[in-house]
Number of protein chains: 2
Amino acid sequence: METQPSARDRLLDAVEVLIATQGVASTPVDVILARAHVSPATLYAHFGNKEGLIAHALERRLTRWDRIWQECAEIAQTPEDRVLSVFDALVHQRDILGPSRWCTFLGVAAETPVRGENLDAALTRDTELLTRRLEEFAQPLVGDALAGTAARLVLLVYTGVLGMILRGDDMGKAVADGRGIAALALRSLGADA
Amino acid sequence: METQPSARDRLLDAVEVLIATQGVASTPVDVILARAHVSPATLYAHFGNKEGLIAHALERRLTRWDRIWQECAEIAQTPEDRVLSVFDALVHQRDILGPSRWCTFLGVAAETPVRGENLDAALTRDTELLTRRLEEFAQPLVGDALAGTAARLVLLVYTGVLGMILRGDDMGKAVADGRGIAALALRSLGADA
DNA sequence: GTCTATACAAAGATAGAC
DNA sequence: GTCTATCTTTGTATAGAC
């Protein structure tokens, strides 16, 4: 017999899918509750308010994203492929976590010009995680002095790929384009190193 | 004596600034009306509903963006600079139209998973205009066969620059990074041509 | 074309019981 | 921890007059 997930987990599951596919404003609390089969009071008891629930869901999603990315990074055969694994992870994530409209973190950021500190922290952590690991992966390739620059450039291209998906591009095409451009940038930096 | 802009123009001015800086969901109709010094009935008489007003404002903004970009393109000294003028136009636009949180068009797209056809058309036109002109500018540089690819790649980088601003980057820095990456991509394509 | 006043709907959050 | 029922606020849109 299946053990049913707790109301708390059902809320996190529900809001993650809804935010990833519909966004914050298009996801009223009622819809979250209906999908999670949970009552309003339970949501507010656990998370305080809608934003608190979203912040928690994003924290969890970032952890999962990190794990998925690590798996892709471990498969990489060369230092360059290791940096570029961030693009493979995008496709891998979709297969595992399900489809999203573009990027859940950037999407929430775009929708919340003002936000509480918990939500803000969750969004900041996404950019920080990407930057930190890209820098770590780039270091063997371009050296200490240029690793930060490499991370910034790859993050820019990665962000561009996500934006192209929002513009309506097919993910496979955008990822392939981005991977190619990022490789160029890395080789250019590597030549300077 | 100054001629006051019509209620219609005041509405377009107000909503453009508000959407560019705050986004759709954070811009209730009341706030638009207050800023435009216009009554509710006037808005609905002219534009049907909030989305209609936004769609019109975006159309107007795209026209202005196009003009600004053309000015930047005319100054360019080389074919490569002409393609890359799209990045200069970003800075120029901020000086002329005032600050925005990142990209007004992508921002609205991110906030509206479902939308009416007028609004959808306005958003599509942005991507189309960018693609078409980038292709036109890239043609002398990389040839007919690769112009489409060049346009796609530069648009991806351009979109990445905007996304980096959403992540909190300084616009000057993001633009400089993007310009450099796009130049690399263009030269790589040019070498193939 | 534009205004005042108001209706209607949606959405976030809470009270009190079990 | 969780539910039912409800309150409050906010936001979109319309009626009717000038």
Side-chain angles (χ1 to χ4, degrees), chain A residues 2-19 21-58 60 107-108 110-120 122, chain B residues 2-19 21-58 60 107-108 111-120:
Chain A
E2 294 267 336
T3 318
Q4 223 217 8
S6 66
R8 183 190 165 90
D9 286 337
R10 294 203 306 279
L11 282 168
L12 289 170
D13 291 341
V15 80
E16 181 175 346
V17 171
L18 290 166
I19 296 292
T21 56
Q22 308 294 133
V24 178
S26 302
T27 305
V29 173
D30 325 42
V31 175
I32 303 170
L33 297 172
R35 186 182 178 102
H37 303 290
V38 161
S39 70
T42 304
L43 188 161
Y44 291 96
H46 278 286
F47 301 103
N49 55 27
K50 182 184 176 183
E51 185 174 306
L53 171 59
I54 294 173
H56 273 82
L58 289 184
R60 199 184 64 164
V108 172
E111 288 198 77
T112 54
V114 302
R115 48 183 172 258
E117 56 178 13
N118 282 347
L119 183 55
D120 196 62
Chain B
E2 293 267 334
T3 317
Q4 224 218 6
S6 68
R8 182 190 165 90
D9 286 337
R10 294 203 307 276
L11 282 168
L12 289 170
D13 292 341
V15 80
E16 182 176 345
V17 171
L18 289 166
I19 296 293
T21 56
Q22 309 292 133
V24 178
S26 302
T27 305
V29 173
D30 324 44
V31 175
I32 303 170
L33 298 172
R35 187 181 175 103
H37 302 290
V38 160
S39 71
T42 304
L43 188 162
Y44 291 95
H46 279 284
F47 301 103
N49 55 25
K50 181 184 175 182
E51 184 173 306
L53 171 58
I54 294 173
H56 274 81
L58 289 184
R60 198 184 64 163
V108 172
E111 288 198 76
T112 55
V114 303
R115 47 183 173 258
E117 56 178 13
N118 283 347
L119 183 55
D120 196 62

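Hydrogens, waters and symmetry mates are skipped; everything else that's a heavy atom, side chains included, is used. Per chain, numbering begins at 1; letters A, B, ... match sequence-line order.
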Could you check how far NE2 of His46(A) sits from C1' of dA13(C), rounded to whole Å?
16 Å
What donor-acceptor contacts under 3.5 angstrom involve side-chain atoms of residues 31-45 of chain A, with partners at least two apart or in another chain?
residue, atom, partner, partner atom, Å
Ser39(A), OG, Thr42(A), OG1, 3.2

With a 4.0 Å cutoff (strictly under), does any side-chain N or O of Ser39(B) reach OP1 or OP2 of dC3(C)?
yes
Where the side chain of Asp30(B) is concerned, which of dT12(D), dA5(D), dT2(C) is the nearest nucleotide?
dT12(D)
Nearest heavy-atom approach of Val29(A) to Lys50(A) is CG2-CD, 3.9 Å
Check whether any side-chain nitrogen or oxygen of Tyr44(B) sits under 4.0 Å from OP1 or OP2 of dT14(D), and answer yes or no.
no
For Ala7(B) and for Val29(A), locate the closest nucleotide of DNA chain C by heavy-atom distance; then report the residue assigned to the nucleotide nearer the 5' terminus.
Ala7(B)
When the axes are fitted on five pairs at both termini, how much does the helix from dG1(C)-dC18(D) to dC18(C)-dG1(D) curve, in 10° steps?
0°
Mind calculating the distance between NZ (Lys50(B)) and P (dT14(D)) to the nearest angstrom?
15 Å
Heavy-atom side-chain proximity of Val17(B) to Asp13(B) below 4.5 angstrom:
no
May I ask you to say what Ala41(B) touches in the nucleic acid, namely base, sugar-phosphate or nothing, with a heavy-atom cut-off under 4.0 Å?
base
In whole Å, what is the span from the CG atom of Leu43(A) to the P atom of dT4(D)?
15 Å
OP1, OP2 of dC3(C) versus side-chain N and O of Thr42(B): anything below 4.0 Å?
yes
Taking the side chain as every heavy atom from C-beta outward, state whether His56(B) and Leu12(B) have any atom pair closer than 4.5 Å.
yes
CZ of Arg8(B) versus P of dG1(C): gap in Å, rounded?
9 Å
DNA chain C: 5'-proximal contact among His37(B) and Pro28(A) (nearest heavy atom)
His37(B)
Nearest whole Å is fine: how far is dG11(D) C1' from Leu53(B) CG?
15 Å
Of the non-hydrogen atoms in Glu111(B) and Ser26(A), which two are nearest, and what is the gap between them?
O-OG, 4.4 Å
Here the pair of heavy atoms bringing Val108(A) nearest to Thr112(A) is O-OG1, 2.7 Å
Here the pair of heavy atoms bringing Arg60(B) nearest to Asp9(B) is NH1-O, 4.3 Å
Tell me: CG of Asn49(A) to P of dT14(C), nearest whole Å?
8 Å
In whole Å, I'd like the distance from the CD1 atom of Ile32(B) to the C1' atom of dG11(D).
11 Å
Gap between atoms CZ and C1', on Phe47(B) and dT14(D) respectively (whole Å)
18 Å
